[in-house]
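Remember, it's 1-based here, ligands and their atoms both numbered in the order they're listed. Note that the coordinates shown come from a computational prediction; the quantities given were computed from them, not determined experimentally.
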Amino acid sequence: MNKQIATLGKLEHWIDGNSVAASGSYLDNVNPMTGGPGISVAAGTKADVDAAVGAAKRAAEGWRRFNAAERGRLMMGLAAMMREKRDELAEMERADTGKPMPMAYAEIDGSVAYFEFYGSLVYLPTGDVLDVAPDQHVFTKREPYGIVGVITPWNLPLNQAARAIAPALVAGNVIVAKPSEITSQTTVAMARMASEVGFPSGVINVVLGTGKDVGEAIVSHPDVRKVAFTGSVGVGRAIGHIAADRIIPLTLELGGKSANIVFDDADLDTAATEAVKGFTLNAGQVCSAGTRVLVQRSVYDAFLGKLKKAVEGIVPGENLGPIITPAQFRRVQTYFKVAEEDGARCLHGGAVADGDGFYIQPTLYADVSNDMRIAQEEIFGPVGVVIPFDTEEDAIRIANDSDYGLIGTVWSQNISRALRVADRIDAGQIFVNVWNTMSVQTPFGGYKNSGYGREKGIEAIHHYSHLKTVTVKF
Ligand code: NAD
């Protein structure tokens, strides 16, 4: 376990088509697979953000007027280069996050798909002609916001960045991105590749550093006209205040505590395997993790047996990666005590794994009630809780008794029931008899504290542009 990947070194900003050295200090990361040193990243400042915004501003008019076909070719060119460098990008992602290689590859492939999908939609941002009056010609047209700030977390670093950057570019915007300071490598690599395939300098800029120093400076900058944020509720709320003061649009993709609802007529074997995937994928560090497993009481004991068997197949260091940082590693462990105090029954795990690095055993708690902290709070570790229910009405009530509303899953062979339940769960995405098969085509976003606005799908392009109406009297 804990295979070391040598990536020690210093990572610099990418501004105006160039690597720009840190003006001050560096932030030292820890390798989550070993607990040893990881890469150091430039600790950016407001001055670096000003430089990046300046470069973006110089590039904005040219990019906005860029021929659409040519813009599409650049998007496809970047996708092709990322595909060609798939191994390199996946190694970087693994080095930063420790995730198993199949997961790293899946993430790179998903990121490539954003550039291909949105690159194929370059002609979409057009308008309509409106029949308002016989002596008026009225039309609408789409115009980019200008400079879009993209702030992303550490769990799926390249994917989250590409998810916002690709549609924003196609809508004619230029970018100032700030990846998580813990996992900055792939976002810088992507921006560098964009320059190599011919994107004009300044169209994609990446400033590294902390949220306080760099993230806030991006959101507060008077020339940044839209922000796409993916991360925690607390930071989303703080950014929301700044955006409200500045009256700029914001997309918030925040956390989740999603329900996996298993009815007694479900294919229990598939539901058990997928439910375990739901809270162990990426070591549970996924916003859409299915961390609450709601099981109908008539099959409760049988289903617990299947869950236990499935969770035993998840092995730290093999198909289960580490927790990202020492602080997060400690935080996940605090929930073991909370679970015990609340009276949950530990069926598996509930402890760290042997060896170096920040590995936690896949953990399963049964006999959980939905008011326990482990059922309400986003743990962001490989921890699932099982909650029994009696009726369809109970299941809906429990699923919705959460501050979050990102996804929900329903397992039942009764399609009428599945659709009824899907209709009443307050979440942005519902899956029936399958867990979380996301595609670039499917809009993604939350209800309640999980955020607002939508990423992905055709729809997302329109979240990166103004709609202007022009009326001509003749
Ligand atoms: P985080 O909110 O701590 O950080 C996210 C980003 O915001 C980082 O780049 C960080 O440096 C920056 N940031 C921090 N403080 C800031 C500030 N004051 N102003 C501006 N930027 C600031 O989140 P995290 O710990 O990196 O990621 C985990 C969280 O992200 C979880 O809650 C998870 O559910 C959520 N997430 C949501 C989605 C989604 O699509 N809904 C996807 C992945 C992760």
Checking salt bridge (charged side-chain N to carboxylate O under 4.0 Å, His left out) for the pair K277/E274: CA distance, chi angles, key distance, verdict?
-> CA-CA 5 Å; K277 204 194 309 169; E274 292 291 296; 3.2 Å; yes
Where do Y26 and V41 land on the side-chain contact (heavy atoms from CB on, under 4.5 Å) test, with the steps shown first?
-> CA-CA 5 Å; Y26 288 83; V41 306; 5.9 Å; no
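Taking the charged nitrogens against the carboxylate oxygens, K456 and E459 have no contact shorter than 4.0 Å, which rules out a salt bridge. A salt bridge links E341 with K337; the closest basic N to acidic carboxylate O contact falls under 4.0 Å.
Residues of the protein with a heavy atom under 4.0 Å from ligand 1 are I151, T152, P153, W154, N155, Q160, R163, K178, P179, S180, E181, G211, G215, E216, F229, T230, G231, S232, V235, I239, E253, L254, G255, C287, E378, F380, L406, F444, listed by chain and number.
Listed here is the closest heavy atom pair of I360 and L320: O-CD2, 3.2 Å. The shortest heavy-atom contact between Y447 and G428 is CD1-N, 3.7 Å.
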